[in-house]
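Written out below as structure tokens is the structure these notes cover.
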Amino acid sequence: MHFLDQAKIFIRSGFGGPGAVSFRREKFIEYGGPDGGDGGKGGDIVFEAVAGLNTLIDFRYTQHFRAPRGTGGAGSNRTGAGGKDLVIKVPVGTQILADDEDRTLLADLTKVGERIVFLKGGDGGRGNASYKTSTNRAPRQHGTGWPGEEAWVWLRLKLLADAGLVGLPNAGKSTFINAVTNARAKVGEYAFTTTRPQLGVVRHKGREFVIADIPGLIEGAAEGAGIGDRFLGHIERCRVLLHLVDANDEDVASSYRVVRDELEAYGAGLADKPVVVALNKIDTLDDELIAALSAELEEASGESVIPISGASGVGVDWALDKLLEAIGPEASAVGADDEGEDAIEWSPV
């Protein structure tokens, strides 16, 4: 399943159906009078957040959504049927943004089953029976039905996770998430093996929480260097960040500061979130060097440093304990499965 976190779509609610022009024609009844019914209401455009989805890829292939119009009224004062609402299913964490320069936030779906009526369908037109008055007993006018609403909007997905992994490329983030969850993130001996966010569910000490791995940051990511910082939006909702620093880097303090500078440049409160700092890949180092590097990293970060090895599992439980402590008593695993992939077959409608 390809990952896509932004999509532009066109939506239009249904038009109202026209009212009817009709007159009673019954045997032995003189001057039957008008009996044209009203038209039906057009269908609404409804967005619904559903579980088991973590991509907007289907909106790349289906970009136009139009709700059906209401049917026309009929004689005998029969009102036309209303158009069926068009329900667009999106992943939990999807934001609906206006197609303007500022990308104004219009709606934010953060809970499973949350629904919003985004565009209302047009009301049906009046039938000629509703125009009858004491001085106009045989009206022939009718309403044609009110038009629906239409708009181009952007959908932006911000994955819901309790903890987020940050660090330079090759800091061992993918190895870590593979070790603590059933995710199958790609691991390689080259930079940017992770090209899209990855979700996994951690089960630790009888509790569960969701952890998100995003592509590594390099200096200048805020200006577009490397993969850039576009995926940082997926950790905006995280309660805590796990900052992994490669113990094999030439200067671990500098590696830490590069990532922190990019978080501050991005904004959105990322630099103010609680952080757990871990010195990763210690399995190839001796105790004396580990202690020296940890002290250097503690001085740069102002945080206590946890020496770990995602490959061998050393210190991993310690790091998970710290994450649970920062997350709080209630961790949520909403909207994700163990493998970070879609659990169900789906369509946007």
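A single hydrophobic cluster is seen to contain both Y256 and I290, as judged by linkage of ILVMFWY side chains at heavy-atom distances under 4.5 Å, directly or through other members. In this structure, L106 is a member of the same hydrophobic cluster as L119, with clusters built from ILVMFWY side-chain heavy atoms closer than 4.5 Å. W146 and Y131 are members of different hydrophobic clusters when ILVMFWY side chains are connected at heavy-atom separations under 4.5 Å. Residue V92 is not grouped with residue L105 when hydrophobic side chains (ILVMFWY) are merged at heavy-atom distances under 4.5 angstrom, including chains of intermediate members. Hydrophobic cluster membership differs between F15 and F65, with clusters built from Ile, Leu, Val, Met, Phe, Trp and Tyr side chains linked at under 4.5 angstrom.
Within the model, atoms CZ of R12 and CZ of R66 stand 5.0 Å from one another, a figure rounded to the nearest 0.5 Å. Atom CD of Q6 is separated from atom CG of L155 by 10.0 Å, given to the nearest 0.5 angstrom. To the nearest 0.5 angstrom, L53 atom CG is 9.0 Å from K89 atom NZ. Note that the OG atom of S254 and the CG atom of D249 stand 8.5 Å from one another [nearest 0.5 Å]. Rounding to the nearest 0.5 Å places CG of L241 at 9.0 Å from CG of L165.
By the salt bridge (Lys or Arg N to Asp or Glu O under 4.0 Å) test, K158 is found to be paired with E236, residues two or more places apart in sequence or in another chain being considered.
Inspection of the D38 and H142 side chains reveals no N or O donor paired with an N or O acceptor under 3.5 Å. Donor-acceptor pairing under 3.5 Å is lacking for the side chains of N280 and S309.
The two atoms that bring A161 and I211 nearest to each other are CB-C, 4.3 Å, heavy atoms only. Closest of all the heavy-atom pairs between L279 and L293 is CD2-CB, 3.8 Å. The two residues L244 and K173 make their nearest non-hydrogen contact at CD1-CA, 3.7 Å. Closest heavy-atom contact between S13 and G43: CB-O, 3.4 Å. The minimum heavy-atom distance linking R69 with G17 is given by the pair NH2-CA, 4.5 Å. Contact detail for R207 and L324: the closest heavy-atom pair is CZ-CD2, 3.6 Å.
The existence of a salt bridge linking D99 and K8 is confirmed by a sub-4.0 Å separation between a basic side-chain nitrogen and an acidic carboxylate oxygen. With salt bridges taken as basic N to acidic carboxylate O contacts below 4.0 Å, none links D35 and R24. Salt bridge annotation for E208-R203: present, with a cationic side-chain nitrogen under 4.0 angstrom from a carboxylate oxygen.
A distance-only check finds a donor-acceptor pair linking the side chain of E114 to the backbone of K111 [under 3.5 Å]. In terms of modelled atom types and a separation under 3.5 Å, the side chain of R239 and the main chain of I327 share a donor-acceptor contact. Distance alone, capped at 3.5 Å, is enough to place a donor-acceptor pair between the S130 side chain and the G127 backbone. The backbone N or O of D44 sits less than 3.5 Å from a side-chain atom of D85, completing a donor-acceptor pair. In this structure, T55 contributes its side chain and L4 its backbone to a donor-acceptor pair below 3.5 Å. With R60 contributing its side chain and A7 its backbone, the two residues share no donor-acceptor pair below 3.5 Å. In this structure a side-chain-to-backbone donor-acceptor pair under 3.5 Å is present from N128 to G36. A donor-acceptor pair is defined here as one N or O able to donate and one able to accept, closer than 3.5 Å; no such pair exists between the side chain of T79 and the backbone of G37. For S22 (side chain) and A74 (main-chain N/O), no donor-acceptor pair under 3.5 Å exists by modelled atom type. Using modelled atom types, one side-chain atom of R78 and one backbone atom of G75 make a donor-acceptor pair closer than 3.5 Å.
Enclosure of atom CG in D287 is not indicated, since only 12 or fewer non-hydrogen atoms of other residues, nucleotides or ligands lie within 6.0 angstrom. The environment of CD in E26 is crowded: more than 12 heavy-atom neighbours from other residues, nucleotides or ligands sit within 6.0 Å. Counting non-hydrogen atoms of neighbouring residues, nucleotides and ligands closer than 6.0 angstrom, the CZ atom of R103 exceeds 12 such neighbours.
For residues 118-146, there are no salt bridge (Lys or Arg N to Asp or Glu O under 4.0 Å) pairs, not counting sequence neighbours.
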Review point. Going through the distances and angles, do L242 and F176 end up as a side-chain contact (heavy atoms from CB on, under 4.5 Å)?
Key: CA-CA 11 Å; L242 176 58; F176 181 87; 3.5 Å; yes
Review point. So L109 and V90, side-chain contact (heavy atoms from CB on, under 4.5 Å) or not? Walk me through it.
Key: CA-CA 9 Å; L109 303 173; V90 296; 3.5 Å; yes
Exercise for review: Go through the steps to decide whether H243 and E303 satisfy the test side-chain contact (heavy atoms from CB on, under 4.5 Å), and finish with yes or no.
Suggested key: CA-CA 11 Å; H243 189 156; E303 305 282 347; over 6 Å; no
Practice item. Take R237 and D108 through the salt bridge (charged side-chain N to carboxylate O under 4.0 Å, His left out) test and state the conclusion after the steps. Key: CA-CA 12 Å; R237 306 181 194 267; D108 195 0; 3.0 Å; yes
Review point. Going through the checks in order, is the side-chain contact (heavy atoms from CB on, under 4.5 Å) test met by L320 and V202?
Key: CA-CA 9 Å; L320 295 180; V202 178; 4.0 Å; yes
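With contacts defined as side-chain heavy-atom distances shorter than 4.5 Å, the pair V314/I308 does not qualify. When side chains are defined from C-beta on, T104 does not count as touching L97, because their heavy atoms never get closer than 4.5 Å. Taking the side chain as every heavy atom from C-beta outward, V277 and E298 never approach each other to under 4.5 Å. Using a 4.5 Å heavy-atom threshold, the side chains of L297 and V245 count as touching. Looking only at side-chain heavy atoms (C-beta outward), T110 and T94 stay at 4.5 Å or farther from each other. Annotation: side chain of T175 is not in contact with side chain of N178 (no heavy-atom distance under 4.5 Å). Using a 4.5 Å cut-off on side-chain heavy atoms (C-beta onward), I9 and W152 make no contact. Two residues are said to be in side-chain contact when any heavy atoms from C-beta on lie closer than 4.5 Å; I11 and F47 meet this criterion.
Between F10 and H64, the ring planes are tilted. Angles from 30° to 60° get that label.
Each of V153, I116, I88, V117 was compared with I45 under the side chain to side chain contact (heavy atoms under 4.5 Å, CB included) criterion, and only I88 meets it.
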